[in-house]
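Below you'll find the structure, written out as structure tokens, and then a few comments.
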Amino acid sequence: MRITHRSRHDVVVVGARVAGAATAMLLARLGHDVVAVDQASFPSDAVSTHAIARSGVVQLRRWGLLGPVMDSDAPAIRQVTFHAGGESVTRTIRHKAGVDLVVAPRRYVLDTLLAAAAQRAGAGVRTGITVTGVQRDGRGRVTGVYGHDRVGAAIDLGARFVIGADGLRSRVARAVGAAITQRRPAGGAAQYAYYTGIDWAGMELFVADRSFAGVFPTHHGQACIWVCTPAADARAARRRTRSREAAFGELLERSAPQLAVRLRHARRSSPVRGMLRQPNQVRQAVGPGWALVGDAGYHRDAITAHGISDAFRDAELLAVALDQALSAGAEESTALARYQQQRDQALREIFDITCRLAAYPAVPAFTELQKQLSAAIDTEAAALAARPIPGERLLATA
């Protein structure tokens with residue numbers, strides 16, 4: 001193939017959704033030459049229940065992006081109702097760490113907003129690009145990527161650093177040989193669909209034996225209705241029923257019968273989507289000339305709905321580390337090792353809670369773990385709110 005695009009940058013980010021676009025945006029705000037590439041075009045959707053926890057909302061506020069997200073008509077979620085053991089408790093989301101809401105924007109909206117923010121900061125964003133491998137120098141250091149565009153023309157992008165933000169099945173992670181350093185049982189399934197036609201007062205969570213279901217209000221009067229179960233239960237429901245939609249309905253009837261009754265008056269506006277097997281794993285995050293962020297480096301069961309918030313946290317940790325290596329005179333290996341150490345420490349508590357929840361203990365134990373999760377998220381949010389904001393001077397003048 002004839003090479004139609006060859007260029008060199010400080011950083012090439014492979015993947016331009018939440019983790020990749022956030023990393024590219026922050027690096028550009030810090031003054032670096034960065035390009036993010038993605039196989040998809042925007043706006044486009046992704047498999048995700050797309051709730052953003054308090055800690056993720058804190059990041060959006062700090063980066064100056066909470067306003068645009070709310071202006072996209074994503075409803076502010078200010079109350080949560082928890083249904084368990086025949087009782088329902090509704091609580092208002094308190095003002096902590098500078099925010100008093102959570103939000104669940106659709107991914108075709110959120111990802112597009114983040115990519116646009118990266119471009120405004122000065123990053124290049126190229127879509128329709130498939131990366132097929134990494135380039136190395138004679139010492140084995142990663143020095144760029146190669147691949148092709150949507151019409152098959154070759155691309156060649158050199159960089160001081162290559163960032164894999166290309167999801168669970170990351171080609172970058174495979175190409176650099178990033179080892180899985182922690183692997184927990186992958187026994188959980190998560191499925192969801194969108195419904196419209198009835199009112200949604202706020203977020204709702206339903207705990208039952210071997211299941212966890214919920215409501216995340218989102219754009220255009222719709223809500224993401226989701227159900228998490230052991231993978232074996234989800235597969236059994238598929239075998240018993242005539243379709244994915246029928247299996248989803250059966251699981252909802254078992255998990256949240258009062259919600260299933262309400263949904264009879266609503267209209268399902270999407271197919272059922274999700275994953276029947278969700279790995280719980282942590283990968284080696286750095287190596288000579290490369291790093292991983294988002295699901296490429298750390299993937300967990302959706303039962304805690306913390307994936308976007310994890311991606312936002314780790315994007316900032318990585319951007320700061322690369323800035324130190326690129327412009328602050330820090331030793332590259334030291335700066336990248338610090339990122340890995342900070343990421344591993346930051347994910348530890350919620351990862352452990354996630355894996356324990358995904359084992360579906362009895363309802364009282366499950367409920368107690370949910371309380372621990374809430375406390376851990378509040379602690380994380382407070383820590384993020386106290387951090388200096390990367391590129392704050394540029395942000396203030398944008």
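Each residue takes its place number in the sequence, starting with 1.
Residues Leu168 and Pro279 have side chains in contact (heavy-atom distance under 4.5 Å, counting atoms from C-beta outward). Taking the side chain as every heavy atom from C-beta outward, Val215 and Pro217 approach each other to under 4.5 Å. Leu276 has its side chain within reach of Arg235: a pair of non-hydrogen atoms, C-beta onward, lies under 4.5 Å apart. Looking at Arg136 and Pro288, their side chains never come closer than 4.5 Å, going by heavy atoms from C-beta outward. Arg171 has its side chain within reach of Thr132: a pair of non-hydrogen atoms, C-beta onward, lies under 4.5 Å apart. In this structure, the side chains of Leu357 and Gln370 come closer than 4.5 Å at one or more pairs of heavy atoms. Side-chain contact between Asp156 and His5: absent, with no pair of heavy atoms (C-beta onward) separated by less than 4.5 Å. Between Leu369 and Leu373, the closest side-chain pair of non-hydrogen atoms is not below 4.5 Å.
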Dump the intermediate steps for side chain to side chain donor-acceptor pair (under 3.5 Å) on Thr354 and Thr304, then the final yes or no. CA-CA 6 Å; Thr354 300; Thr304 43; 2.8 Å; yes
Please assess Phe366 against Phe212 for the test ring-ring contact (aromatic ring centres under 6.0 Å, His included), listing each intermediate value before the final yes or no. CA-CA 9 Å; Phe366 193 101; Phe212 187 43; 5.1 Å; yes
Mind running salt bridge (Lys or Arg N to Asp or Glu O under 4.0 Å) on Arg264 and Glu253 for me, showing each step along the way? CA-CA 11 Å; Arg264 294 171 191 165; Glu253 288 278 1; 3.4 Å; yes
Side chain to side chain contact (heavy atoms under 4.5 Å, CB included) evaluation trace for Thr23 with Val11: CA-CA 10 Å; Thr23 304; Val11 181; over 6 Å; no
Report the C-alpha separation of Gln372 and Asp352 in whole Å, then their side-chain angles, then the decisive distance to 0.1 Å, and conclude whether the side chain to side chain contact (heavy atoms under 4.5 Å, CB included) test is met. CA-CA 11 Å; Gln372 294 178 27; Asp352 182 63; over 6 Å; no
Step-by-step side chain to side chain contact (heavy atoms under 4.5 Å, CB included) determination, Val35 to Val13: CA-CA 6 Å; Val35 62; Val13 183; over 6 Å; no
Leu259 vs Leu252, side chain to side chain contact (heavy atoms under 4.5 Å, CB included): CA-CA, chis, key distance, verdict: CA-CA 8 Å; Leu259 175 60; Leu252 268 180; 4.2 Å; yes
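No donor-acceptor pair closer than 3.5 Å links the side chain of Trp290 to the backbone N or O of Ile163. No donor-acceptor distance shorter than 3.5 angstrom exists from the side chain of Ser170 to the backbone of Asp166, with no hydrogens or angles considered. Checking side-chain atoms of Asp38 against main-chain N and O of Ala16 turns up a donor-acceptor pair under 3.5 Å. For Thr218 (side chain) and Ala104 (main-chain N/O), a donor-acceptor pair under 3.5 Å exists by modelled atom type. Gln135 places a side-chain N or O within donor-acceptor distance of the main-chain N or O of Val145, the cut-off being under 3.5 Å. Panel note: side chain Arg283, backbone Ala178; a donor-acceptor pair is recorded below 3.5 Å. Remark: the backbone N or O of Ala285 is paired with a side-chain donor or acceptor of Gln340 at under 3.5 angstrom. Judged by distance alone, with hydrogens and angles left aside, the side-chain atoms of Asn280 form a donor-acceptor pair with the main-chain N or O of Pro185 at under 3.5 Å. In this structure a side-chain-to-backbone donor-acceptor pair under 3.5 Å is missing from Arg268 to Leu263.
Here Leu157 contributes atom CG and Thr143 contributes atom OG1; the two are 11.5 Å apart, rounded to the nearest 0.5 Å. Here the straight-line distance linking atom CZ of Arg313 with atom CD1 of Ile308 works out to 13.5 Å at 0.5 Å rounding. Atom CZ in Arg106 sits 13.0 Å away from atom CG in Asp73 (nearest 0.5 Å). Here the straight-line distance linking atom CG of Leu322 with atom CZ of Arg160 works out to 10.0 Å at 0.5 Å rounding. If you take CD on Gln79 and CD on Glu204, they are separated by 8.5 Å, rounding to the nearest 0.5 Å.
Under the side-chain contact (heavy atoms from CB on, under 4.5 Å) criterion, Ala21 pairs with Leu114, not counting sequence neighbours. Among residues two or more places apart in sequence or in another chain, the side-chain contact (heavy atoms from CB on, under 4.5 Å) test is passed with Asp233 by Arg210, Thr229, Pro230, Arg254.
Between the side chains of Asp33 and His9, at least one donor-acceptor pair of N or O atoms lies under 3.5 Å. Asp314 and Gln342 share no side-chain donor-acceptor pair at under 3.5 Å. A donor-acceptor contact under 3.5 angstrom links the side chains of His32 and Asp323, judged on distance only. A donor and an acceptor atom, one from each side chain of Gln191 and Arg238, are located under 3.5 Å apart. For the 3.5 Å distance criterion, the side chains of Ser72 and His219 qualify, holding a donor opposite an acceptor. A donor-acceptor contact closer than 3.5 angstrom is absent between the side chains of Ser309 and Gln59. A donor-acceptor pair shorter than 3.5 Å can be found between the side chains of Arg150 and Ser41. Donor-acceptor pairing under 3.5 Å is recorded for the side chains of Ser44 and Arg17.
Put simply, Leu110 and Val102 are part of two different groups of oily side chains (I, L, V, M, F, W, Y) that touch within less than 4.5 Å, one to the next. In the hydrophobic clustering of ILVMFWY residues, with side-chain heavy atoms under 4.5 Å counting as a link, Val103 and Met203 come out apart. The hydrophobic clustering, which links ILVMFWY residues whose side-chain heavy atoms are closer than 4.5 Å, places Phe82 and Ile77 together.
Cation-pi geometry between Arg184 and Phe351 is met: the NZ or CZ atom falls under 6.0 Å from the ring centre, inside 45° of the normal.
Other residues, nucleotides and ligands contribute more than 12 heavy atoms inside 6.0 Å of the CZ atom of Arg174. The 12-atom threshold is exceeded at CG of Asp71, counting heavy atoms of other residues, nucleotides or ligands nearer than 6.0 Å. Within a 6.0 Å sphere centred on CD of Gln341, other residues, nucleotides and ligands contribute 12 heavy atoms or fewer. Around atom CD of Gln39, no more than 12 heavy atoms belonging to other residues, nucleotides or ligands sit under 6.0 Å away.
For the pair Glu332 and Arg141, the salt-bridge criterion is met [side-chain N within less than 4.0 Å of a carboxylate O]. Ion pairing of Asp344 with Arg348 is absent here, as no side-chain N (NZ or NE/NH1/NH2) approaches a carboxylate O to less than 4.0 Å. Glu349 has no carboxylate O lying under 4.0 Å from a charged side-chain N of Arg300, or vice versa, which leaves the two without a salt bridge. A salt bridge is defined here as a Lys NZ or Arg NE, NH1 or NH2 lying under 4.0 Å from an Asp or Glu carboxylate O, and Glu316 with Arg62 meets this definition. Between Arg107 and Asp111 there is a salt bridge, with a side-chain nitrogen of the basic residue lying less than 4.0 Å from a carboxylate oxygen of the acidic one.
With Phe216 as the fixed residue, the ring-ring contact (aromatic ring centres under 6.0 Å, His included) test singles out one of Tyr192, Trp226, Tyr194: Trp226.
Trp63 has its ring centre less than 6.0 Å from the ring centre of Phe312.
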Side-chain donor-acceptor distances from residues 85-94 under 3.5 Å, at least two apart:
{"from": "Ser88", "atom 1": "OG", "to": "His83", "atom 2": "ND1", "distance (Å)": "2.6"}
{"from": "Thr90", "atom 1": "OG1", "to": "Thr81", "atom 2": "OG1", "distance (Å)": "2.7"}

